[in-house]
Participant: 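Here's a structure for you.
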Amino acid sequence: MHDAHNTPQYLASMALQERLGYRFANPSLLQEALTHRSAAHQKAGGRRRNKTKGAGSNERLEFIGDRVLGLLMAELLLERYPGEQEGALGSRLAHLVSRATLADIAEQLGLAEALSVAEHEARAGVQTAANVVADGLEAVLGAVFLDGGLAPARKIVRSCWKRILDAQALPPKDPKTALQEWVLGRGQGLPFYETIGADGPSHAPVFVVRVSAGGHSAEGCAGSKRGAESAAAATLLEKLGGSHQG
């Protein structure tokens, strides 16, 4: 008889709780947080018994987890940088809750191994896609909040984000803003962005964007056009000798 408690995913979810330092009183919340839309659809036998998109997946928990993370991070930044005003705090916040940062932390937590995705999506590597694990981390934070309130969620955020916070000496500038300032400061025209490619499934798209400025160009790819533009701008800044740090 198959023991569900000995599956790799179950063991990974237990390990995830250990790394988070939090044990769920209601394990079904964690299970929901770790269920990708494709797995929910597969579990339903591939049939939509209702027209609710994403039903049974972690999307509702991701929705609340995004708000929980934003609140707790804003609270932490106010405490940590009492002399900074909204602009600098906003730049820090945007970086700390970005998909890239979330994916980095999710990787450190081993979250991908605990995610439940459809078999065909797992074979395609969706389980480790940056936007999928980032959404999963937000869903887990939402689940923690619903299971135990703000206090345990706050403890997790302060612990898991400490490494990145400690490394952020100056408020980071968005690469697009930094590139624009760089070229305008040298009397050159505004950067020009164009989407040159889009691939992947609808729930995990990959966009490729090219940016041209200062007589040079660079490309970037990400799960959103905005993210791809930022990645392209960061690459071009390095090529031009600029920096997106403040």
Side-chain angles (χ1 to χ4, degrees), residues 1-72 97 99 101-161 201-204 223:
M1 183 175 177
H2 180 66
D3 185 356
H5 286 183
N6 283 325
T7 64
Q9 186 201 345
Y10 174 79
L11 295 174
S13 71
M14 295 298 291
L16 176 63
Q17 290 183 84
E18 291 297 321
R19 294 189 190 100
L20 291 171
Y22 183 76
R23 182 62 59 90
F24 278 81
N26 181 2
S28 65
L29 278 170
L30 177 60
Q31 182 179 0
E32 181 181 344
L34 296 172
T35 301
H36 185 253
R37 179 194 294 186
S38 64
H41 186 59
Q42 180 175 273
K43 188 175 181 180
R47 302 182 301 276
R48 287 202 180 279
R49 295 196 175 97
N50 56 56
K51 296 183 179 180
T52 305
K53 197 173 182 180
S57 74
N58 61 7
E59 292 177 2
R60 284 172 55 85
L61 289 176
E62 176 203 340
F63 171 79
I64 192 169
D66 176 62
R67 277 73 184 171
V68 170
L69 174 60
L71 171 64
L72 293 176
V97 302
R99 283 287 174 264
T101 298
L102 286 164
D104 179 6
I105 293 170
E107 182 179 359
Q108 296 295 317
L109 290 169
L111 189 141
E113 290 80 1
L115 279 175
S116 175
V117 302
E119 292 176 9
H120 66 284
E121 298 286 21
R123 289 194 296 270
V126 167
Q127 192 168 356
T128 57
N131 60 323
V132 172
V133 295
D135 290 347
L137 179 55
E138 287 183 332
V140 168
L141 286 173
V144 169
F145 168 70
L146 292 178
D147 190 66
L150 272 179
R154 179 182 290 113
K155 184 177 179 181
I156 289 169
V157 167
R158 295 188 177 214
S159 171
C160 292
W161 269 259
S202 59
H203 59 268

Participant: State, to 0.1 Å, how close L16 and A114 come at their nearest heavy-atom pair, and which atoms those are.
Facilitator: CD2-CB, 4.5 Å
Participant: Answer yes or no: is there a side-chain heavy-atom contact under 4.5 Å between L20 and K155?
Facilitator: no
Participant: Shortest non-hydrogen contact from A112 to T128?
Facilitator: CB-CG2, 4.0 Å
Participant: Go through L69 and L102 one step at a time and tell me if the side-chain contact (heavy atoms from CB on, under 4.5 Å) criterion holds.
Facilitator: CA-CA 10 Å; L69 174 60; L102 286 164; 3.7 Å; yes
Participant: Please lay out, stage by stage, how V140 and I156 fare under the test side-chain contact (heavy atoms from CB on, under 4.5 Å).
Facilitator: CA-CA 10 Å; V140 168; I156 289 169; over 6 Å; no
Participant: Could you give me the CA-CA distance, side-chain angles and deciding distance for E138 and R67, then say whether side-chain contact (heavy atoms from CB on, under 4.5 Å) is met?
Facilitator: CA-CA 9 Å; E138 287 183 332; R67 277 73 184 171; over 6 Å; no
Participant: For a side-chain contact (heavy atoms from CB on, under 4.5 Å) check, start with the C-alpha distance between L34 and S116, then their side-chain angles and the critical distance, and finish with the verdict.
Facilitator: CA-CA 6 Å; L34 296 172; S116 175; 5.6 Å; no
Participant: Can you tell me how far apart CG (L111) and CD (E113) are? Round to the nearest 0.5 Å.
Facilitator: 8.5 Å
Participant: Is the CD atom of E107 crowded by more than 12 outside heavy atoms at less than 6.0 Å?
Facilitator: no
Participant: Do you know the tightest heavy-atom contact between A25 and P27?
Facilitator: O-CD, 3.3 Å
Participant: Among residues two or more places apart or on two chains, list those pairs meeting ring-ring contact (aromatic ring centres under 6.0 Å, His included) that have a residue in residues 14-33.
Facilitator: Y22-F24
Participant: What distance separates L30 CG from Q17 CD, expressed to the nearest 0.5 Å?
Facilitator: 5.0 Å
Participant: Would you indicate whether the side-chain heavy atoms of L150 and L71 approach each other to under 4.5 Å?
Facilitator: yes
Participant: Would the distance check show the side chain of T35 and the main-chain N or O of Q31 forming a donor-acceptor pair, the cut-off being under 3.5 Å?
Facilitator: yes
Participant: With distance as the sole test, does N26 use its side chain to make a donor-acceptor pair with the main-chain N or O of D147 at under 3.5 Å?
Facilitator: no
Participant: What I'd like to find out is whether the side chain of E62 reaches to under 4.5 Å of the side chain of D135, using heavy atoms alone.
Facilitator: yes
Participant: What heavy-atom pair brings A134 and A103 nearest, and what distance separates the two atoms?
Facilitator: CB-N, 4.1 Å
Participant: Closest heavy-atom contact between L61 and A33?
Facilitator: CD1-N, 3.6 Å
Participant: Hey, is CZ on R60 packed in by over 12 heavy atoms from elsewhere, all under 6.0 Å?
Facilitator: no
Participant: So, for R19 and G110, which heavy atoms are closest and what is the spacing to 0.1 Å?
Facilitator: NH1-CA, 4.2 Å
Participant: Using a 4.5 Å cut-off on heavy atoms from C-beta on, say whether the side chain of L137 contacts that of V133.
Facilitator: no
